[in-house]
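In each ligand, atom 1 is the first atom listed, and ligand 1 is the first ligand listed. Values below: every heavy atom of this structure, side chains too, minus hydrogens, waters and symmetry copies.
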Amino acid sequence: MIKKFIKRLYKKWASRLPDEDRLTYWEKRAKQMGDLAVLDRRHKEHEIDAVTEFQVNQILPYLKREIQTDNHTILDFGCGTGRFIPYLQKLTQGQVIGVDPIQSLLDRATKLDRVKYHLLRDGKVPLDSNSIDLLWITLVLGGIQDQQLPSTVQELMRVMKNNALICLVENTSKKPNAAHWTFRRKAFYQNLFPNTFLFPVNAYNDFDEEITVFVGRLVKTAES
Ligand SMILES: C[S@@+](CC[C@H](N)C(=O)[O-])C[C@H]1O[C@@H](n2cnc3c(N)ncnc32)[C@H](O)[C@@H]1O
């Protein structure tokens, strides 16, 4: 009973941590868990490939049907160990760029042709404006606090070309926020990126939690 109360108190306190502390959290997590750091803690090391394959099957078919041309420049935002990058590299004949604020996760990523990795510093994506055809985000935004989310969205809107595709995968379970994760519902994510017409195209479960796959296309206006 007391243990439960202390745990709840800790979660409440930790969910208000400033973002630098959240990055320290990811650094520590990467150090402790290695490749497993990017998955739900309840998964085991030997399951990583199978979980990734399962997720790819839940996401890619819905994205593929929206791809109209080759030679896309793809941004994997919050790529972690880059486990989706080989799949993204095969998707079109273009270039894939993975960015993440945690260097030790990027160090674990497989180096491939037509793939570059960059460290994300102060939330600034080191890419030109209007340079991305496809923005891929899997299970990243839940790790970003409410206060930092608008500047993150603005930065991603900046790098996307007009007509860019966006594929967003987030945990949309109705759950109280955890220490380093903010649970937001489907409608919130659908409306997060202006003029992208994000639509929930699929959902799957990871343990007891609902993960939603959104796909949309950006129509840039003078303001966006
Ligand atoms: C659950 S992991 C998912 C990683 C990867 N997308 C995947 O699915 O394998 C969350 C990732 O978000 C990254 N991250 C944390 N804060 C971030 C931020 N403010 N901006 C971008 N990425 C961030 C973490 O370093 C970590 O790699």
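- Enclosure of atom CZ in R42 by more than 12 non-hydrogen atoms of other residues, nucleotides or ligands within 6.0 angstrom is indicated.
- In terms of polar-atom proximity, G78 is counted as a contact of ligand 1, with an N or O under 3.5 Å from an N or O of the ligand.
- Within ligand 1, counting atoms from 1 as listed, the ones closer than 4.0 Å to a heavy atom of G80 are 27 (O).
- A centroid separation of less than 6.0 Å is found between the aromatic rings of W136 and F84.
- Heavy atoms of T138 found under 4.0 angstrom from ligand 1 belong to the backbone as well as the side chain.
- Here L120 has side-chain heavy atoms under 4.0 Å from ligand 1, and that is the only part of it that gets that close.
- The proximity of L105 to ligand 1, defined as any non-hydrogen pair under 4.0 Å, is limited to the side chain.
- For L23, every heavy-atom contact with ligand 1 shorter than 4.0 Å involves the side chain, none the backbone.
- Residue-ligand proximity: C79 is placed with a non-hydrogen atom under 4.0 Å from ligand 1.
- Put simply, NZ on K31 and OG on S104 are 9.0 Å apart, with the number rounded to the nearest 0.5 Å.
- Within a 6.0 Å sphere centred on CG of D49, heavy atoms belonging to other residues, nucleotides or ligands number 12 at most.
- Comparing N171, D35, D100, L139 by heavy-atom distance to atom 10 (C) of ligand 1, the nearest is L139.
- Looking at M33 and L39, their side chains never come closer than 4.5 Å, going by heavy atoms from C-beta outward.
- Annotation: cation-pi pair K111/Y117 present, NZ/CZ under 6.0 Å from the ring centroid and within 45° of its normal.
- At a 4.0 Å heavy-atom cut-off, ligand 1 touches P101 through the side chain alone.
- Taking only nitrogen or oxygen atoms, main chain and side chain alike, R83 reaches within less than 3.5 Å of ligand 1.
- Ligand 1 places these atoms under 4.0 Å from at least one heavy atom of I144: 18 (C), 19 (N), 20 (N).
- There is no side-chain donor-acceptor pair under 3.5 Å between N163 and K220.
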